[in-house]
Amino acid sequence: MTVGIQDDFDLEKIRQSGQCFRIRTFDDGSYRFITGREVLYIRQADGNLYEVSCCEENWNAIWKPYFSLDSDYRSIRERSAGKNPFIDRAMEESAGLRVLKQDPWEMLVTFIISQRKSIPAIAGSVEMLAEKFGSRIIADRETVYAFPTAEEMEHVSIEELQNCSLGYRSKYVLDAVRKVNSGELDLDAISNLDDDALFDALQAVFGVGKKVANCICLFGYGRTGRAPVDVWIQRAIDEGCGGMNPFEQFGENAGIIQQYMFFYQRNRKDSDESEPAGQTDHQVPA
DNA sequence: TATCAGGGCCTAG
DNA sequence: CTAGGCCCTGAT
């Protein structure tokens, strides 16, 4: 069927935004997304019109929330403008990307894996995990594998994880599996916590520090006030913000601004005028 | 072929 | 608080 999307929405920018590692493209311009056991093929037809492979119920119940289409990003950009020239530029260049609302368990494991890895390497490991331990899905255009649940990973060995190129992160993932399956960490229950408490609860997992915890808050729990600071954002802060963390002033939209900055910093021509000025005040609590 | 950085985190001092 | 080590990959 066809849906109309009036707000900022750019599939290619979403694909490159580094928050989701299982997006696939097809030659006809279609993009494939997976969440849980649901698979979506979506293609821009004309202007604001998109052809989607799902029914209207699933579009409304699953995919509109997934793409955060209940938020008005255009107005968020407008209201966030005028505070910092670098960020203004980042918002212009990156308009169209969305913060995706993804599965918390998948985000926990994926961002544990992400540490000290390049994006292609992360994608490779996540794909291997899905193929080895996830359930098979016969989708419209291919056979795909869902990201494995904690239950499906219950008896996974350290060797099997090593074979997915997890390296020293294997023991971290194993700890996540154990804590979630034992109930020591209840990913549903903690969704009721406020941002700071959620942030702290996630860091109980071995291998989850501030950056990874903030990624899970933002991409898994929709906590848009959270702004993870990674090496790219730190570079943007050094080169565009005089070394001072700019996210406090954006409040509940800090995480969205962070995504604009991340995309912009990765794609812009290296300024090389890197001026590491000032301290690096790290993760921003809302 | 060799080198290096990559969406960090843990541990020791 | 700071420095080192860590598994492995993709890029040069």
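Every chain is numbered from 1, with letters handed out A, B, ... down the list of sequences. Atom set for the values below is all heavy atoms of this structure, side chains included, hydrogens, waters and symmetry mates excluded.
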Rounded to whole angstroms, how far apart are [atom1] on [X] and [atom2] on [N]?
X        : N     : atom1 : atom2 : answer
A/Lys171 : B/dG8 : NZ    : P     : 16 Å
A/Phe263 : B/dG7 : CZ    : P     : 15 Å
A/Gln19  : B/dG7 : CD    : C1'   : 12 Å
A/Asn163 : C/dC7 : CG    : P     : 15 Å
A/Asn214 : B/dC9 : CG    : C1'   : 14 Å
A/Leu202 : B/dG8 : CG    : P     : 18 Å
A/Arg116 : C/dC7 : CZ    : C1'   : 11 Å
A/Lys117 : C/dC8 : NZ    : C1'   : 6 Å

NA contact type, A/Arg169, heavy-atom cut-off 4.0 Å: base, sugar-phosphate, or nothing?
->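 Base contact.
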
Tell me what A/Gln265 touches on the nucleic acid: a base, only sugar-phosphate, or nothing, going by heavy atoms under 4.0 Å.
->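 No contact.
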
Do A/Tyr264 and A/Phe86 make the cut of ring centroids closer than 6.0 angstrom?
->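 When the ring centroids of A/Tyr264 and A/Phe86 are compared, they turn out to be within the sub-6.0 Å range.
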
Do the side chain of [X] and the main chain of [Y] share a donor and acceptor less than 3.5 angstrom apart?
X        : Y        : value
A/Thr110 : A/Glu106 : yes
A/Ser125 : A/Cys164 : yes
A/Asp72  : A/Asp7   : no

Read 5' to 3' with Watson-Crick or G-U pairs under 3.5 Å, [ ] for crossing pairs and | for partners on another strand, DNA chain B gives .|||||.||||||

Does [X] make a side-chain N or O approach to OP1 or OP2 of [N] shorter than 4.0 Å?
X        : N     : answer
A/Ser118 : C/dT9 : no
A/Arg266 : B/dG7 : yes
A/Arg235 : B/dG6 : yes

Can you sort out which residues in residues 95-115 of chain A have a heavy atom within less than 4.0 Å of DNA chain C? Ascending by number, please.
->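 Within residues 95-115 of chain A, no residue comes under 4.0 Å of DNA chain C.
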
Establish, yes or no, whether the cationic atom of [X] lies under 6.0 Å from the six-membered ring centre of [Y] and within 45° of the ring axis.
X        : Y        : result
A/Arg226 : A/Phe199 : yes
A/Arg32  : A/Phe26  : no
A/Lys83  : A/Phe250 : yes

Pairwise [atom1] distance, [M] and [N] [rounded to whole Å]:
N     : M      : atom1 : answer
C/dA3 : B/dG7  : P     : 23 Å
B/dC4 : C/dG5  : P     : 15 Å
C/dC7 : B/dA12 : P     : 14 Å

Between A/Phe262 and B/dG7, do the rings stack, that is, sit under 5.5 Å apart with planes less than 30° off each other?
->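 Answer is yes, a stack.
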
Taking atom CZ of A/Arg37 as the centre, does the number of heavy atoms from other residues, nucleotides or ligands within less than 6.0 Å exceed 12?
->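 Check fails, neighbour count at 12 or below.
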
Would A/Trp232 and A/Phe21 show up in the same hydrophobic cluster when neighbours are defined by side-chain heavy atoms closer than 4.5 Å?
->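 Per the 4.5 Å side-chain linkage, A/Trp232 and A/Phe21 are co-clustered.
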
Shared hydrophobic cluster, A/Phe33 / A/Tyr73 (ILVMFWY, side-chain heavy atoms < 4.5 Å) =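 No, A/Phe33 does not connect to A/Tyr73 through the hydrophobic network.
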
Are side-chain heavy atoms of A/Lys211 and A/Ser114 found at a separation under 4.5 Å?
->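 Yes, close enough: below the 4.5 Å cut-off.
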
Assign the ring pair A/Trp59 / A/Phe67 to parallel, tilted or perpendicular, where the plane angle (0 to 90°) is split at 30° and 60°.
->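 Aromatic pair A/Trp59/A/Phe67 classed tilted.
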
Enumerate the protein-to-nucleotides 10-13 of chain B contacts in which both atoms are nitrogen or oxygen and the separation is below 3.5 Å.
from: B/dC10; atom 1: OP1; to: A/Gly207; atom 2: N; distance (Å): 3.1

